[in-house]
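A short worksheet on the structure shown next.
Atoms considered below: every heavy atom in the structure, side chains included; atoms not considered: hydrogens, waters and symmetry mates.
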Amino acid sequence: MTLAGYANRVARIDLTTGRIEYQPIDPEAARKYIGGRGLGVKYVFDNGPEVDPLSPENLLCFMNGPLTGSAINMSGRLAVCTKSPLTGGVTDSHMGGWSAARLRWAGFDGLLFRGAAPTPVYAICENGTVRLADASDLWGKGIRETVRILQERHGGKNVSVMAIGPAGENLVRYAAILNENDRAAGRGGTGAVMGAKKLKAVVAIGDIKDQWKPADDRRNTFEDARKAGLKAIMEGALTAPRKGGLSLYGTNVLMNIINEVGALPAFNGKETFHPDAEAISGETIRAQYLVEEPTCHACPVACKKLVEIKEGPYAGVRTESFEYETAWALGVNCGLTDAGAVAKLLDLCNDYGMDTIELGNVLSTTMEATELGLVKDGIAWGDAARMSEVAGLIARAEGDLGKTLGLGAYGAAKAFGRPDLANSVKGQAIPAYDPRGIKGIGLGYATSNRGACHLRGYTVASEIAGIPEQTDRLATEGKGSLLKVFQDLHAFSDSLDLCKFSAFAMGAAEYAQAYSAVTGVPFTAEDVMRTGERIYNLERYYNNLAGLGEGSDYLPKRFLTEPATGGSAGQVSELDVMLREYYAARGWRNGVVPEEKLRELEII
């Protein structure tokens, strides 16, 4: 069956030889795994789970979904899929902005990079072709300068640049890929994989005039789907443009909310409440520092908040991504509530090309180790100047401290002799929700296929925001089944590839309608959930084959034994109880996918 919506073109680039081949999308693979995250993971799976993540044999996929670059709302995201150097399992990391749409308008569903170039290169994608160019003059430069040079070199207009900075070049295990300076594929170390391949950047040149449009006989179907999605977004309590919390304050609308309920990890998770968190909250940032509200392709929400520090020691700092996760990780998690200092650290991270979540955990782990006398010349709580200095050491892999901290929070904690100090799962550090105060998200951290992550199954929507219905954040019963629904739904939306925030307003029915309208394939809400389940199980199967078997779903001891404070005082995570329910809902055996489940889902 021919599927509409796809460019039906994937480039396979061998960086070792410079050979480039073009292939159509396999319709059977597209039927099962859709695109974006799902199809990207399938390519990584077919490449084999035994590869070393930083070897030439690892596959690095830049993948669009079938809706990418169309007029469907929130269709401006791209998935980067590979084997993670941080976790040793499969990872996918997504970025917004305009790069995904421009890659689609340039004529591609995906770019698959294998091998390693002998000298630095970058890829140029335009008019259905890819060519490699010398990047020796760019090696060593930060993200901002790299983006500026390549946009000027290639005409400026309709040009997006996805690049790594010094952290990626120096194989920092949590290096990120950024586009347009501030939009990051942050988690899992995708930037380190890019650096190992000596691939400095990917340039996508594409004009909106080339966006996908439905055939005349399907125009009404497409418009109905687009309008249904837009109506849901416009009416959403969080997503309504210029009214909803995400539109007004960005993701940082959560800072005060999560702090008030006692689920904001502070001081490396020693506390779950910080009395001064409001100083870096979305409300404060909007009132004192907001200068512009940019948005991504086809998105009416405009959650991005460009801020500028106008006075004090950090005057002149301008940065776009002052988001909740970053403000938490580099802020209260490290005992820092100076908005200017956090903005400066974020700006450095974006230019170095590092995941702010992992870096914040690396710094807080080091701070606790310093407090315990395990690290000489370490970092004191809230010492912004030293934090900035150490971030530079890490990005440049400079000295013993820089190299050690470049391994991630867990790798650093092991080197300090106290692996329990790292709040990590499968080698990846937690984001900004404490599992003692929001029980479902703790189960989500434990069972995430890419390491600790809130975006695999965002139960916070239900446990805090009451979307699609309110559940008790401190209850354990029902959380296994709830999490499975969220994980499967998000696996599908990540494969379309729609923004995660669409799920605050849209559900499986709307996703099915949009997918059918673009591809021409009849699809139901039930099909959405089964496809998402297939994708989640494929990822788990890959991880099982890569060595992440029984016992790989866990939480750090701190969350299981040290009681929370603030609004969740006395609470711990009862992970074992929730895991039993979750495995029963999944049909897994202690975290391993049995053969009968793989056959049921048509994976084998």
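- Aromatic ring centres of His154 and Tyr122: separated by under 6.0 Å.
- The side-chain hydrogen bond (donor to acceptor under 3.5 Å, both in side chains) test applied to Ser136 returns Asp134, not counting sequence neighbours.
- Between the side chains of Arg114 and Asn47, at least one donor N or O sits under 3.5 Å from an acceptor N or O.
- For the pair Leu359 and Ala391, the tightest heavy-atom approach, listed with the atom from each and the gap, is CD2-CB, 4.3 Å.
- Lys83 places a side-chain N or O within donor-acceptor distance of the main-chain N or O of Pro49, the cut-off being under 3.5 Å.
- Summarising the local packing, OH of Tyr511 is surrounded by more than 12 heavy atoms from other residues, nucleotides or ligands at distances under 6.0 Å.
- Once rounded to the nearest 0.5 Å, the distance linking CG of Leu405 with CG of Leu393 reads 8.5 Å.
- Within 6.0 Å of NZ in Lys197 there are more than 12 heavy atoms belonging to other residues, nucleotides or ligands.
- In terms of heavy atoms, Val130 sits closest to Ala123 at CG1-CB, 4.2 Å.
- Of all heavy-atom pairs between Leu86 and Gly427, the closest is CG-O, 3.4 Å.
- For Lys403, there are no salt bridge (Lys or Arg N to Asp or Glu O under 4.0 Å) partners at least two apart in sequence or on another chain.
- A heavy-atom distance below 4.5 Å is not found between the side chains of Thr87 and Arg450.
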Check your understanding: Can Met162 and Leu78 be said to form a side-chain contact (heavy atoms from CB on, under 4.5 Å), step by step?
Key -> CA-CA 11 Å; Met162 296 172 273; Leu78 174 145; 4.3 Å; yes

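- A distance of 6.0 Å or more separates the ring centres of Phe108 and Phe62.
- Atom OH of residue Tyr515 and atom OG1 of residue Thr531 lie 7.5 Å apart, to the nearest 0.5 angstrom.
- Taken from NZ in Lys200 to OG1 in Thr146, the straight-line distance is 4.0 Å, to the nearest 0.5 Å.
- Judged purely by distance below 3.5 Å, without hydrogens or angles, the side chains of Arg173 and Gln428 never pair a donor atom with an acceptor atom.
- At a cut-off of 3.5 Å, with distance as the only test, a side-chain donor of Arg540 or Asn449 sits close to an acceptor on the other residue.
- Note that the CD atom of Gln487 and the CG atom of Leu455 stand 12.0 Å from one another [nearest 0.5 Å].
- Shown are Cys499, Ser75, Ser160; of these, the side-chain contact (heavy atoms from CB on, under 4.5 Å) with His297 is made only by Ser75.
- Considering CD of Gln23 and CG of Leu112, their distance stands at 7.5 Å, rounded to 0.5 Å.
- Other residues, nucleotides and ligands place no more than 12 heavy atoms under 6.0 Å from the NZ atom of Lys414.
- Counting only distance, with no hydrogens or angles, the side chain of Asn590 and the backbone of Glu550 share no donor-acceptor pair below 3.5 Å.
- Aromatic pair Phe492/Phe523: ring centres closer than 6.0 Å.
- In this structure, CD on Glu539 lies 9.0 Å from OG1 on Thr91, to the nearest 0.5 angstrom.
- No hydrogens or angles considered: nothing links the side chains of Arg456 and Ser448 as a donor-acceptor pair under 3.5 Å.
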